[in-house]
There are 4 protein chains.
Amino acid sequence: MARGVNKVILIGNVGGDPETRYLPNGNAVTNITLATTDSWKDKQTGQLQERTEWHRVVLFGKVAEIAGEYLRKGSQCYIEGRLQTREWEKDGVKRYTTEVVVDMNGSMQLLGGRGGSSDDAPRQPRPQREPQQQAPRAQAQPQQRPAAQQPAPDYDSFDDDIPF
Amino acid sequence: MARGVNKVILIGNVGGDPETRYLPNGNAVTNITLATTDSWKDKQTGQLQERTEWHRVVLFGKVAEIAGEYLRKGSQCYIEGRLQTREWEKDGVKRYTTEVVVDMNGSMQLLGGRGGSSDDAPRQPRPQREPQQQAPRAQAQPQQRPAAQQPAPDYDSFDDDIPF
Amino acid sequence: MARGVNKVILIGNVGGDPETRYLPNGNAVTNITLATTDSWKDKQTGQLQERTEWHRVVLFGKVAEIAGEYLRKGSQCYIEGRLQTREWEKDGVKRYTTEVVVDMNGSMQLLGGRGGSSDDAPRQPRPQREPQQQAPRAQAQPQQRPAAQQPAPDYDSFDDDIPF
Amino acid sequence: MARGVNKVILIGNVGGDPETRYLPNGNAVTNITLATTDSWKDKQTGQLQERTEWHRVVLFGKVAEIAGEYLRKGSQCYIEGRLQTREWEKDGVKRYTTEVVVDMNGSMQLLGGRGGSSDDAPRQPRPQREPQQQAPRAQAQPQQRPAAQQPAPDYDSFDDDIPF
DNA sequence: TTTT
DNA sequence: TTTT
């Protein structure tokens with residue numbers, strides 16, 4: 001049920017503790033930023049170069065819950081998802097943000113032994129709050145989540161739907 | 001020589017005839033847009049849904065030349081590259097464009113029998129113009145290439161370097 | 001629900017018309033062989049070298065049915081699956097066969113315009129035989145479902161044995 | 001320079017300390033076995049199932065040296081390579097072994113913090129012996145390397161070439 | 001802007 | 001056994 005292939009495979013380190021929210025239908029959504037670093041030898045100078053790329057990753061459903069529980073700032077993880085660009089507006093100007101979407105067709109895996117540098121016990125699932133507490137269906141003050149790299153609007157201001 | 005994996009695999013159809021330009025150092029750069037289409041059955045309504053995603057793909061070097069010669073509007077092709085987001089400015093506002101970069105570490109392949117719907121004979125390499133004509137090292141009037149999907153500045157306004 | 005990643009991505013041409021069989025539980029199983037060809041320039045002689053690799057691909061379920069209907073000898077297709085080695089015995093000697101398994105976690109896509117060189121009208125689904133004929137749901141001796149996934153002897157008691 | 005795609009992506013744990021040998025031309029060859037584990041819920045019984053797959057991985061060149069230095073039994077690593085089946089003979093009977101080949105077009109990466117359970121200090125490169133010592137061009141007693149999973153002959157009995 |  |  002598809003024409004075409006749209007696949008992204010990443011291994012990198014998580015830029016900050018993930019924040020999981022819940023859609024009105026109860027589905028979890030977790031946003032993370034992932035850093036991948038390339039290094040190569042400059043052909044001219046022969047010097048070792050390095051470049052870090054930051055990726056916006058959005059996880060949905062079961063994998064979003066697992067990400068929210070197990071990933072921490074610094075965690076190394078594997079991501080398999082698809083590229084998706086969504087449009088948003090700011091000050092009447094259209095902007096575009098490209099994300100790596102991970103849903104039930106994708107995959108996420110925590111790698112390595114210790115999972116990052118957060119205060120929470122690493123590699124141990126966080127105490128799972130009650131979903132209701134965790135994701136109030138009606139959110140009075142949607143707390144702002146600091147957008148990484150690309151100043152894009154977050155999924156916090158939704159009412160019932162997500163703009164993509 | 002890398003920490004992390006940053007890999008994109010696409011199969012889709014090219015949105016328009018590719019345009020190949022040459023960097024001052026003689027390296028070819030080809031921009032294409034690639035459409036990948038997903039379809040799935042809506043869980044609620046049971047109806048068949050469809051969504052087309054447009055990807056900005058930038059090819060460098062040898063693979064850029066091959067893309068410029070063989071790809072046409074409508075061509076189905078396989079792309080293996082890496083994700084890269086570059087920053088640019090317009091009216092004093094920072095914007096970001098995410099592209100799939102294909103260089104010597106990536107790969108491009110024309111798929112299927114007939115290569116697209118262009119006027120040129122498909123699957124036949126285009127008459128190769130002289131590189132000098134094609135890519136004057138000193139370009140008085142860098143012709144504008146219409147940006148696809150995301151209104152981003154092109155690689156035409158470079159002096160010697162590309163902003164990534 | 002996994003530790004580790006086991007992923008195979010192939011684009012190649014089908015070596016012969018696929019043959020679809022049905023397991024006692026009604027699930028379809030299609031076997032194909034897929035040829036991928038590499039070419040490279042020999043460093044010593046500078047000559048163009050070529051090597052064709054043949055892959056055994058086993059598809060299960062829905063994707064097996066689609067493969068059986070649409071693929072033909074010569075069809076170019078995309079395969080996403082996982083590596084699996086199964087053990088079997090011949091003349092008291094253990095042998096091993098490695099296959100690329102495509103199930104609901106994998107994917108298959110017919111590529112290009114014309115689908116191969118078979119006599120059947122290409123790209124048109126084959127006349128679908130009645131499932132009952134094809135796969136009698138009620139089988140006197142439902143041999144134990146040769147678990148697709150686990151190290152099973154073979155996928156049914158076919159006579160033609162497999163040459164690798 | 002290719003028709004077709006032949007790509008394998010694995011993340012798993014190394015089954016034993018790697019053994020690196022050197023070809024007469026000085027190129028390194030490292031063999032490892034890699035375990036990937038899948039788990040899934042059985043549809044009938046609802047029980048959690050698990051299956052471990054062992055992969056034979058052969059690395060060549062620079063990446064073979066890095067693998068030999070940094071990988072240890074238990075190390076978690078990422079492998080990107082291609083599928084290759086080679087034929088060999090035993091007691092006049094042809095057999096086939098499928099391997100994942102990693103060369104300069106592929107990639108290998110050590111994952112996680114501590115790299116395995118070997119006695120050598122993990123994550124620290126092994127003391128690098130002198131290449132000459134390491135890889136005598138004429139090897140009087142090619143040490144036998146225990147073949148994993150598939151009882152295939154090793155690359156030890158080569159004179160000048162490798163049988164694939 | 002592509003394709004089926 | 002495929003394909004260009």
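The sequence lines fix the lettering, A, B, ..., with proteins before strands; numbering per chain opens at 1.
Spacing between atom CD of B/Glu19 and atom C1' of E/dT1 amounts to 15 Å, rounded to whole angstrom units. E/dT4 atom P lies 13 Å from atom CG of B/Leu111, rounded to whole Å. Rounded to whole angstrom, the span from the CG atom of B/Asn13 across to the C1' atom of E/dT3 amounts to 4 Å. The nearest whole Å value for the distance from the CD1 atom in B/Ile11 to the P atom in E/dT2 is 20 Å. The separation between C/Gln76 atom CD and F/dT2 atom P is 15 Å, rounded to whole Å. The CD1-C1' distance, from B/Ile79 to E/dT2, rounds to 14 Å in whole Å. Regarding C/Tyr78, its OH atom lies at a distance of 19 Å from the C1' atom of F/dT3, rounded to whole Å.
Closest to the side chain of B/Thr33, out of F/dT3, E/dT2, E/dT1, is E/dT1. If you check E/dT1, F/dT1, E/dT2 against the side chain of C/Trp54, the one that comes closest is F/dT1. Here the side chain of C/Lys73 is nearest to one of F/dT2, E/dT2, F/dT4, namely F/dT2.
A/Val8 pairs with exactly one of B/Leu83, B/Leu10, B/Asn6, B/Ile9 by the side chain to side chain contact (heavy atoms under 4.5 Å, CB included) rule, that one being B/Leu83.
Under the 3.5 Å distance criterion, the side-chain polar atoms of C/Gln76 are left unmatched by any main-chain donor or acceptor of C/Ile11. The closest donor-acceptor contact from the side chain of D/Glu99 to the backbone of D/Arg56 lies at 3.5 Å or more, if one exists at all.
Nucleic acid contact class of B/Thr52 (heavy atoms, under 4.0 Å, all strands): base.
Residues B/Thr98 and A/His55 have side chains not in contact (no heavy-atom distance under 4.5 Å, counting atoms from C-beta outward).
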